[in-house]
Number of protein chains: 2
Amino acid sequence: MQRKSFGNMQCPIARSLERVGEWWSILILRDAFYGLTRFDQFQKSLDIAPNILARRLNALVESGLLERRQYSEKPPRDEYVLTQRGRDFRPVLWALLAWGNKHFAPEGPSVVVVNSDSGAVAEPVLVDRSTGQPLAEPQFRVAPGPAAGERIRQRFTTTPAAGENAR
Amino acid sequence: MQRKSFGNMQCPIARSLERVGEWWSILILRDAFYGLTRFDQFQKSLDIAPNILARRLNALVESGLLERRQYSEKPPRDEYVLTQRGRDFRPVLWALLAWGNKHFAPEGPSVVVVNSDSGAVAEPVLVDRSTGQPLAEPQFRVAPGPAAGERIRQRFTTTPAAGENAR
DNA sequence: CAGTATCCTGTCCGATACTG
DNA sequence: CAGTATCGGACAGGATACTG
């Protein structure tokens, strides 16, 4: 990890982890989605050391997930807002939320996704956009894409359970 | 993180991160979904030090994501297979995959989700199971659930953009 | 208020050697 | 093959003090 390339960097999952692999990064994004934008809002919310917060915030800006925006000039003040790339991260967050609720909340969920109008609790499911089918196995699986290099292609031809899941 | 509680541990996202917060954990799960089960398969695939692999594998077993299963007795041999809890993690992985493909694959995707039968490339979208509506803002938002404690409840009443997203 | 500058610690991780 | 045992390095993260 860190800068050492990390397995096969062609893998989109590994690439994603390059940007949000640290704990705080994801929690900061969670709070950004919640509407927090200012340094000290994050700090209070997360109870994180200021230097660490600054470091993670900078990393997120460099990765293009957050954008620094000056909201005051007299005393120069910056706020951090989600970019499109950052906003696109929400499904990951909500998938994580759904998984956590299902498996690590014996007392019931403390945070849920709801319909803003009706207030009805939503149950997040991953589906294929065009067909609407739930993305479950064995109906769906991962496969090499058009830009797959040799290394990735091999994984799908030489390994024991190519396409099948471990049972 | 580590054992220091980590912000608000009632948050399902934080709880999830407790189990899969480390880089290798997620990559190991990715490979487990791919069908790998044996120690040295993971090691070769990930190019990870054996002691680290053992550590992460044990953590995953302790968290109930993987299950150790003896597949040979003469020489005792264990393999690691996904539990139900582990299999439920797939949406997170695929959301991560979709996000990586969209934002960090200028040359096009190297790995995609496909329909096993037709081979058609699927586009993962998070929707509400009962209504089928895409889980996007501002139609949907997070809200305190039935088991929300005081601290969580406060976040949704006292902060600037309760329910709204940063624009 | 929004950070920066230091110093320190924990531990994640890498490399290597060894074993049933 | 499936790990365990050690040693060391890098860095995330914590605590604290300071500044425009």
Side-chain angles (χ1 to χ4, degrees), chain A residues 1-7 9 14 17-29 31-32 36-63 66-81 159-160 166, chain B residues 1-7 9 14 17-28 31-32 36-63 66-81 159-160:
Chain A
M1 35 344 305
Q2 279 81 265
R3 328 278 73 129
K4 281 215 52 190
S5 126
F6 215 1
M9 282 329 286
L17 291 178
E18 283 253 297
R19 277 77 180 197
V20 296
E22 289 97 25
W23 297 54
W24 286 128
S25 303
I26 293 186
L27 259 3
I28 288 171
L29 288 172
D31 280 357
L36 305 194
T37 59
R38 309 242 284 270
F39 193 91
D40 92 303
Q41 291 179 326
F42 287 114
Q43 206 193 337
K44 273 200 267 297
S45 166
L46 298 167
D47 191 29
I48 181 179
N51 54 343
I52 298 305
L53 176 57
R55 193 191 293 175
R56 298 265 61 89
L57 243 18
N58 285 331
L60 253 11
V61 168
E62 271 167 46
S63 294
L66 291 179
E67 193 172 39
R68 219 184 297 272
R69 198 154 62 185
Q70 201 171 38
Y71 70 94
S72 158
E73 265 197 77
K74 296 291 292 312
R77 296 274 180 274
D78 280 336
E79 59 180 357
Y80 300 84
V81 298
T159 45
Chain B
M1 37 344 308
Q2 279 78 264
R3 329 276 77 129
K4 279 214 52 188
S5 131
F6 215 2
M9 282 329 285
L17 291 178
E18 284 254 296
R19 277 75 180 196
V20 295
E22 289 97 27
W23 299 53
W24 285 129
S25 302
I26 294 187
L27 260 3
I28 288 171
D31 281 356
L36 305 194
T37 58
R38 309 241 285 267
F39 192 91
D40 93 302
Q41 292 179 324
F42 287 114
Q43 207 193 337
K44 274 200 267 294
S45 166
L46 297 167
D47 192 29
I48 183 179
N51 53 343
I52 299 304
L53 177 57
R55 191 190 297 176
R56 299 265 61 91
L57 243 20
N58 286 332
L60 254 12
V61 168
E62 272 168 44
S63 294
L66 292 180
E67 194 172 37
R68 221 183 296 272
R69 197 152 62 187
Q70 200 171 40
Y71 69 94
S72 160
E73 264 197 80
K74 296 291 293 308
R77 295 274 180 272
D78 280 337
E79 61 181 354
Y80 299 84
V81 299
T159 45

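Residue numbers start from 1 in every chain, and the chains themselves are labelled A, B, ... in the order their sequence lines are given, proteins ahead of strands.
The two atoms that bring B:E22 and A:W23 nearest to each other are OE2-CZ2, 3.6 Å, heavy atoms only. Residues A:L57 and A:F39 approach most closely at CD2-CD1, 3.8 Å, considering heavy atoms. Of all the heavy atoms in B:Q70 and B:D78, the pair that sits closest is CA-OD1, 3.3 Å.
Phosphate contact (OP1/OP2 of C:dC1, side-chain N/O of A:Y71, threshold under 4.0 Å): absent. Contact between the side-chain N/O atoms of A:R56 and the OP1/OP2 oxygens of D:dG13 is found at a separation under 4.0 Å.
If you check D:dG3, D:dC1, C:dC1 against the side chain of B:Y80, the one that comes closest is D:dG3. The side chain of B:W24 lies closest to C:dG14 when the candidates are C:dG14, C:dC12, D:dC1. Here D:dC1 is the nucleotide among C:dG14, C:dA2, D:dC1 with the atom lying nearest to any side-chain atom of B:D40. Of the listed nucleotides (D:dA12, D:dC1, D:dG3), D:dC1 has the atom at the smallest distance from the side chain of B:R38.
Taking atom CD of residue A:E79 and atom C1' of nucleotide C:dG3, one finds them 15 Å apart after rounding to whole Å. The CZ atom of A:F42 sits 18 Å away from the C1' atom of D:dG13 (whole-angstrom rounding). Between the CG atom of B:L36 and the P atom of D:dC1 there is a distance of 15 Å, given to the nearest Å. Between A:L66 atom CG and C:dG3 atom P the separation is 12 Å, expressed in whole Å. As rounded to whole Å, 11 Å separates atom P of C:dG14 from atom CG of B:L27. Distance B:D47 CG to C:dG14 C1': 10 Å, rounded to the nearest Å. Summarising the geometry, the separation between CG on B:L53 and P on D:dG3 is reported as 8 Å, rounded to the nearest angstrom. Straight-line distance from the CD1 atom of B:I48 to the P atom of C:dT16: 16 Å, rounded to whole Å.
Between B:D31 atom CG and B:I48 atom CD1 the span is 10.0 Å, to the nearest 0.5 Å. Between atom CG of residue A:L66 and atom CG of residue A:N58 there is a gap of 10.0 Å, rounded to the nearest 0.5 Å. Here the straight-line distance linking atom CH2 of A:W24 with atom CZ of A:R56 works out to 11.0 Å at 0.5 Å rounding. Note: B:L17 CG to B:I26 CD1 = 8.0 Å, rounded to the nearest 0.5 Å. Interatomic distance, B:S25 OG to B:R55 CZ, rounded to the nearest 0.5 Å: 11.0 Å.
Two end axes, each from the C1' atoms of five base pairs, can be drawn for the helix from C:dC1-D:dG20 to C:dG20-D:dC1; they diverge by 50°, to 10 degrees.
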Nucleotide N/O of nucleotides 4-8 of chain C paired with protein N/O under 3.5 Å:
{"residue": "C:dT6", "atom": "O4", "partner": "A:N51", "partner atom": "ND2", "Å": "2.8"}

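Applying side chain to side chain donor-acceptor pair (under 3.5 Å) to B:Y80 and the options B:Q41, B:R68, B:E67, B:R38 leaves one that passes, B:R68.
Of the two residues contacting DNA chain D, namely A:I52 and B:L57, the nearest-nucleotide position lying further toward the 5' end is that of B:L57.
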Check: Under the side chain to side chain contact (heavy atoms under 4.5 Å, CB included) criterion, do B:L36 and B:I28 qualify, and how do the steps go?
Finding: CA-CA 9 Å; B:L36 305 194; B:I28 288 171; over 6 Å; no
